[in-house]
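Right, one structure below, let's go through it.
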Amino acid sequence: MLLRIACFLICASFSVVQASEPPKLDIAFVKELAKDPMWIKLGHYEANAASESGFVGAINSKKFYVSDNGKVSPFSELRETIASFYSEELDENLHTQCQFPARYLWLKKRLLNRVALPKNIYCSEFDEWSENGTFKSISVTYVTGYLGNPTSFYGHTFLKFNSKNDKSYSLDKTINYGAVVPDSENPITYIYKGIFGGYAGGFSEIGYYFHKNNYGDNELRDMWEYELNISAEDANFIAAHAWEILKKEYTYFFFRKNCAYRMAELVELANDVEIINSKPVTIPQSLITAIYNAKVGGEPLVKSVVYHPSRQSKLYEKYLALSFNEKNLVHTIVNDHRQLAAEQYKKRTVESKHRIVDTLLDYLQYARTPDERANNVVSPFYRKVLVERYRLPLGNNEIKERVAFPPHQGRSPSLIQVGITHNSVYGEGYVIALRPAYYDVLDADKSHVADSVLSMGRIEVLARPNSLELRRLSFIDLESVNSAVTGLPGDNGNSWRIQAMLEPLDLSCQDCLTLKVKAYYGYSKRISSGLLFGGYLGGFVQDNVSRNGNLGVASRIFSNISTSRYFSANIYMESLKSIDKNIESYNKYGFELRKRISDDSDVRLSYINDRAEEISINLGYYF
């Protein structure tokens, strides 16, 4: 009896997959099948001239390849994969069918007229994860850039599987690709390692609600969801392959093989979808543009676009919709909670109370500390305001939503400029400039951090009669501006800027390229929707030159102006003082105006006074 019970328990825990003899397939056919583009995609093979097969797998985890030689031989991997489908495995979840369900689905179709593969076996772990193959579609979600974390400067993309089941979309599964980066990593180290493959990368899965909380509430980043117009069969095939690559290790590359590139690889598993281009740089926004412009079966690849504003965006939208008196009352109530029961609030109309209370609710959520958000702690006053909201009768309170421009409407990330310049000391010259990525304060749009700068590798060449010289090489230029729209506690306007570049010591000298590193910290405040003021204190370090010292302090005031999508301006003044050499401080000031011509072009007029005057006009093309 004990033996029977033991056997019953073992059989209940494991399904014995009976081994059968693998079929004899024509070797020439298998070799040809191993060249199929879909097999190359499923194996994540990349062209490599040093490999005998011409390919090397991008995945470093040995468990991803069935054959010992599978990483460098698509043929060996295919042959061993087919053979392993006929093997015996006590734990069904370890069987090749369960480890590689996408390979099984694809081979079942491709071998249909030649050989019958073993029947589907029960894969409890995969079936539970994939909701038994019932995903109805997939969405590519774009998250706007975040200058508070070097891993997120350029924005981020992840894949969401939309369930047929009757449940909240917040519970949908997502696939996320990223680098494994230490929390304390500084931007310079991250960029260096990211460029040269110094980090491992990989896929992870998590519920969509986590992204909404992390990106929308904690990091205050907007999200745009692009649902794709592909079949449910394709959606579930992509999910099957996502299961295969979960927790497998890649080498992460910042500019090309990053989150956007890996998401594009997954999307291209759908029938007739081609979105990966040959550019050396893959930027998340460019992936979104490619997806939006792509066609499948003659129809747009994108079925719908949904905007998910961050907690900050929701707060700003509601706050800016308030009247002057309503804004003052919000500040009064925040500073003295008792004023929610005072006469000046009670005498407001129902519609006005709705606007005030809704703004307070978003603000009190926005103002929570990271620990409070992580533990879902809300203040007693938040509960009091929430009770007041439920107590209010219905009213006709319609907030006019601000125009939100989705990332696919943004311009391309790279910029080339040609123009003419006049220097008060050296006369006229012609300028050619190239900025590989990404944006400056004048051309930041909805897919970027407003009023901020993220520029890397900008190079500027100046041509004068009988000479051609390097005028400027900017290694990195980062500026993070918090615009403090509300002025409420916690919406503090703290801002910073870091620059590292080769540039002239000032505009009055030739052949005086100087390596400079500058750092600023300060405050900014949005006065209106089109006007922002800010100020910084900081310092600089530069290489040794005869006219200035190596160390100095600096102050900077600036204003950003935007009248529409078509016109923007930046005005600034700096005061610089060397501290290791007895040299008088001097001021530098200027402005730059930008007029948008089209999505792909603009014209800019700039003026700089830096011990000499210089005025330039440049025509720019984005690509």
Requested in this report: Carefully, step by step, assess Tyr586 and Asp610 under the rule side chain to side chain donor-acceptor pair (under 3.5 Å).
Outcome: CA-CA 9 Å; Tyr586 80 98; Asp610 183 10; 3.2 Å; yes
Report task. Start with the C-alpha gap between Tyr146 and Leu220, add the side-chain angles, then the distance that decides, and say whether side chain to side chain contact (heavy atoms under 4.5 Å, CB included) holds. Result -> CA-CA 8 Å; Tyr146 175 56; Leu220 307 176; over 6 Å; no
**Report entry** Derivation and outcome, side chain to side chain contact (heavy atoms under 4.5 Å, CB included), residues Leu266 and Phe203
**Finding:** CA-CA 11 Å; Leu266 285 173; Phe203 283 91; 3.8 Å; yes
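- Counted by atom type alone, Asp600 and Ser598 present zero donor-acceptor pairs between their side chains at under 3.5 Å.
- Between Glu460 and Arg458 a salt bridge is recorded (basic side-chain N to carboxylate O distance below 4.0 Å).
- In this structure, Tyr208 and Phe158 have tilted ring planes: the angle between them lies in the 30° to 60° band.
- For Glu265, the salt bridge (charged side-chain N to carboxylate O under 4.0 Å, His left out) partners are Arg262, not counting sequence neighbours.
- Donor-acceptor pairing under 3.5 Å is recorded for the side chains of Tyr622 and Asp443.
- Open room surrounds OH on Tyr430; 12 or fewer heavy atoms of other groups in view lie less than 6.0 Å from it.
- For Ser495 (side chain) and Val481 (main-chain N/O), no donor-acceptor pair under 3.5 Å exists by modelled atom type.
- Although no hydrogens or angles enter the test, the distance criterion places a donor-acceptor pair under 3.5 Å between the side chain of Arg221 and the main chain of Thr144.
- Few gaps surround CG on Leu473; more than 12 heavy atoms of other groups in view lie less than 6.0 Å from it.
- The backbone N or O of Tyr621 lies less than 3.5 Å from no partner atom in the side chain of Ser601, so there is not a single donor-acceptor pair.
- Partner Gln417 forms a side-chain contact (heavy atoms from CB on, under 4.5 Å) with one of Leu619, Leu434, Asn618 and no other, that one being Asn618.
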Query raised in the report: What do the steps show when you test Leu531 against Ser559 for side chain to side chain contact (heavy atoms under 4.5 Å, CB included), and what is the final call?
Result: CA-CA 7 Å; Leu531 180 62; Ser559 177; 3.5 Å; yes
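- Ser313 and Asp222 form a side-chain donor-acceptor contact under 3.5 Å, judged by distance and modelled atom types alone.
- In terms of heavy-atom proximity, Thr174 sits nearest to Ile206 at OG1-O, 2.8 Å.
- In this structure, Lys595 places its NZ atom where more than 12 heavy-atom neighbours from other residues, nucleotides or ligands lie under 6.0 Å away.
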Report task. Decide side chain to side chain donor-acceptor pair (under 3.5 Å) for Asp491 and Tyr363; before the verdict, give the C-alpha distance in whole Å, the side-chain angles of both, and the deciding distance to 0.1 Å. Result -> CA-CA 9 Å; Asp491 193 15; Tyr363 165 70; over 6 Å; no
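- Summarising the local packing, CG of Asp580 is surrounded by more than 12 heavy atoms from other residues, nucleotides or ligands at distances under 6.0 Å.
- The side chain to side chain donor-acceptor pair (under 3.5 Å) test with Asn176 singles out one residue from Lys160, His156, His211, and that residue is His156.
- At a threshold of 4.5 Å between non-hydrogen side-chain atoms, the residues Tyr292 and Val305 count as touching.
- Asn293 places a side-chain N or O within donor-acceptor distance of the main-chain N or O of Thr289, the cut-off being under 3.5 Å.
- Although no hydrogens or angles enter the test, the distance criterion places no donor-acceptor pair under 3.5 Å between the side chain of Thr514 and the main chain of Lys516.
- Of all the heavy atoms in Arg373 and Gln365, the pair that sits closest is NE-O, 3.9 Å.
- One N or O on the side chain of Glu372 and one on the backbone of Thr369 form a donor-acceptor pair closer than 3.5 Å.
- Salt-bridge annotation for Arg526 and Asp451: present, with a side-chain N of the basic residue lying under 4.0 Å from a carboxylate O of the acidic one.
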Requested in this report: Carefully, step by step, assess Tyr250 and His44 under the rule ring-ring contact (aromatic ring centres under 6.0 Å, His included).
Outcome: CA-CA 10 Å; Tyr250 295 72; His44 288 258; 5.6 Å; yes
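- Side chain of Asn218 to main chain of Pro370: no donor-acceptor pair is present (N/O by atom type, distance under 3.5 Å, no hydrogens or angles).
- Checked against a 6.0 Å centroid threshold, the rings of Tyr261 and Tyr177 do not count as neighbours.
- The pair Asp362-Arg311 meets the salt-bridge criterion, with a side-chain N (NZ, NE, NH1 or NH2) lying under 4.0 Å from an Asp/Glu carboxylate O.
- Inter-residue side-chain proximity for Phe558 and Val441 is flagged as unmet; no heavy-atom pair is nearer than 4.5 Å.
- Counting non-hydrogen atoms of neighbouring residues, nucleotides and ligands closer than 6.0 angstrom, the OH atom of Tyr192 reaches no more than 12 such neighbours.
- Side chains of Glu268 and Ile275 form a contact here, defined as non-hydrogen atoms less than 4.5 Å apart.
- Remark: side-chain polar atoms of His331 are paired, donor with acceptor, to backbone N or O of Thr486 under 3.5 angstrom.
- Relative ring orientation between Tyr190 and Phe254 is described as perpendicular, the plane-to-plane angle rising above 60° on a 0-90° scale split at 30° and 60°.
- Comment: Glu614 engages Arg471 in a salt bridge, judged by a side-chain N to carboxylate O separation of less than 4.0 angstrom.
- Leu322 CG to Thr359 OG1: the interatomic distance, rounded to the nearest 0.5 Å, is 4.0 Å.
- A salt bridge is absent between Arg411 and Asp602; no separation between the charged side-chain nitrogens and carboxylate oxygens falls under 4.0 Å.
- Of the N and O atoms on the side chains of Tyr607 and Glu613, at least one donor lies less than 3.5 Å from an acceptor on the other residue.
- Side-chain contact check for Tyr199 and Glu185: at least one donor-acceptor pair (N or O, by modelled atom type) lies under 3.5 Å.
- Between Ser452 and Ala444 the shortest heavy-atom distance is O-CB, 4.4 Å.
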Query raised in the report: What's the verdict on side chain to side chain contact (heavy atoms under 4.5 Å, CB included) for Leu515 and Phe475, showing C-alpha distance, side-chain angles and the deciding distance?
Result: CA-CA 10 Å; Leu515 178 62; Phe475 302 107; 3.9 Å; yes
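- The backbone N or O of Asn482 sits less than 3.5 Å from a side-chain atom of Ser524, completing a donor-acceptor pair.
- With a 4.5 Å cut-off on side-chain heavy atoms, Val541 and Asn550 do not count as touching.
- Between the side chain of Ser564 and the backbone N or O of Tyr566 there is at least one donor-acceptor pair closer than 3.5 Å.
- More than 12 heavy atoms of other residues, nucleotides or ligands lie within 6.0 Å of OH in Tyr426, so this atom counts as buried by the packing criterion.
- Seen from the ring of Tyr536, Arg497 does not count as a face-on cation partner, given the 6.0 Å and 45° thresholds.
- Nearest approach of Ile583 to Lys577, heavy atoms of both residues: O-NZ, 2.6 Å.
- Taking the six-membered ring for Trp and the full ring otherwise, the centers of His408 and Tyr226 sit less than 6.0 Å from each other.
- A salt bridge links Arg604 to Asp440: one of the charged nitrogens lies within less than 4.0 Å of a carboxylate oxygen.
- Within a 6.0 Å radius of CZ in Phe623, more than 12 heavy atoms belonging to other residues, nucleotides or ligands are found.
- More than 12 non-hydrogen atoms from other residues, nucleotides or ligands lie less than 6.0 angstrom from CD of Glu469.
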